[in-house]
Amino acid sequence: MIRSQQAVHPKFRVQISRNVRQQALVPLPAADAQQLALIIGYQAMALINRDLTRAFTPCEEEAERRLTQFRMTQH
């Protein structure tokens, strides 16, 4: 039976440096602007992915422990 635990609600925060914000305001050729937008997007997703990993790793570890215990009892 799964024991109840208080849910942990992760907080997602994205921080963009002042230099990056200023660079985003400078007119750039289309290719450079697109590349900068991709870089900023990947940086933001990296932070979000890190927070998601922190939030869900304990759940995955518990599921793996329970699955291992179940498999041991079946043999």
Side-chain angles (χ1 to χ4, degrees):
M1 193 168 210
I2 298 175
R3 58 189 161 129
S4 63
Q5 295 180 357
Q6 185 175 2
V8 178
H9 299 285
K11 295 179 182 177
F12 299 106
R13 288 178 276 170
V14 178
Q15 295 179 353
I16 300 173
S17 70
R18 183 179 296 173
N19 288 340
V20 171
R21 282 183 292 196
Q22 288 178 349
Q23 287 175 357
L25 298 175
V26 175
L28 297 173
D32 291 339
Q34 184 178 13
Q35 186 177 18
L36 181 60
L38 285 173
I39 291 169
I40 292 169
Y42 280 119
Q43 288 174 335
M45 284 305 302
L47 295 173
I48 292 169
N49 287 336
R50 183 194 62 201
D51 290 342
L52 286 170
T53 301
R54 284 183 185 161
F56 289 102
T57 296
C59 297
E60 291 176 359
E61 289 174 350
E62 182 179 354
E64 187 63 33
R65 278 193 302 274
R66 290 174 183 256
L67 183 58
T68 300
Q69 290 173 352
F70 174 77
R71 287 177 178 161
M72 290 175 66
T73 61
Q74 297 301 310
H75 288 87

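Below, each value reflects all heavy atoms present in this structure, side chains not excepted, and no hydrogens, waters or symmetry copies.
Formation of a donor-acceptor pair under 3.5 Å by the Thr57 side chain with backbone atoms of Arg54 is not found in this model.
To the nearest 0.5 Å, the span separating OG1 on Thr68 from CZ on Arg66 amounts to 12.0 Å. Atom-to-atom distance recorded for Met45:CE and Leu52:CG is 7.5 Å, nearest 0.5 angstrom. The OG1 atom of Thr53 sits 8.0 Å away from atom CD of Glu60, with the distance rounded to the nearest 0.5 Å. Interatomic distance, Glu64 CD to Gln69 CD, rounded to the nearest 0.5 Å: 11.0 Å.
Under the 4.5 Å side-chain heavy-atom criterion for ILVMFWY residues, no single connected hydrophobic cluster contains both Leu47 and Ile39.
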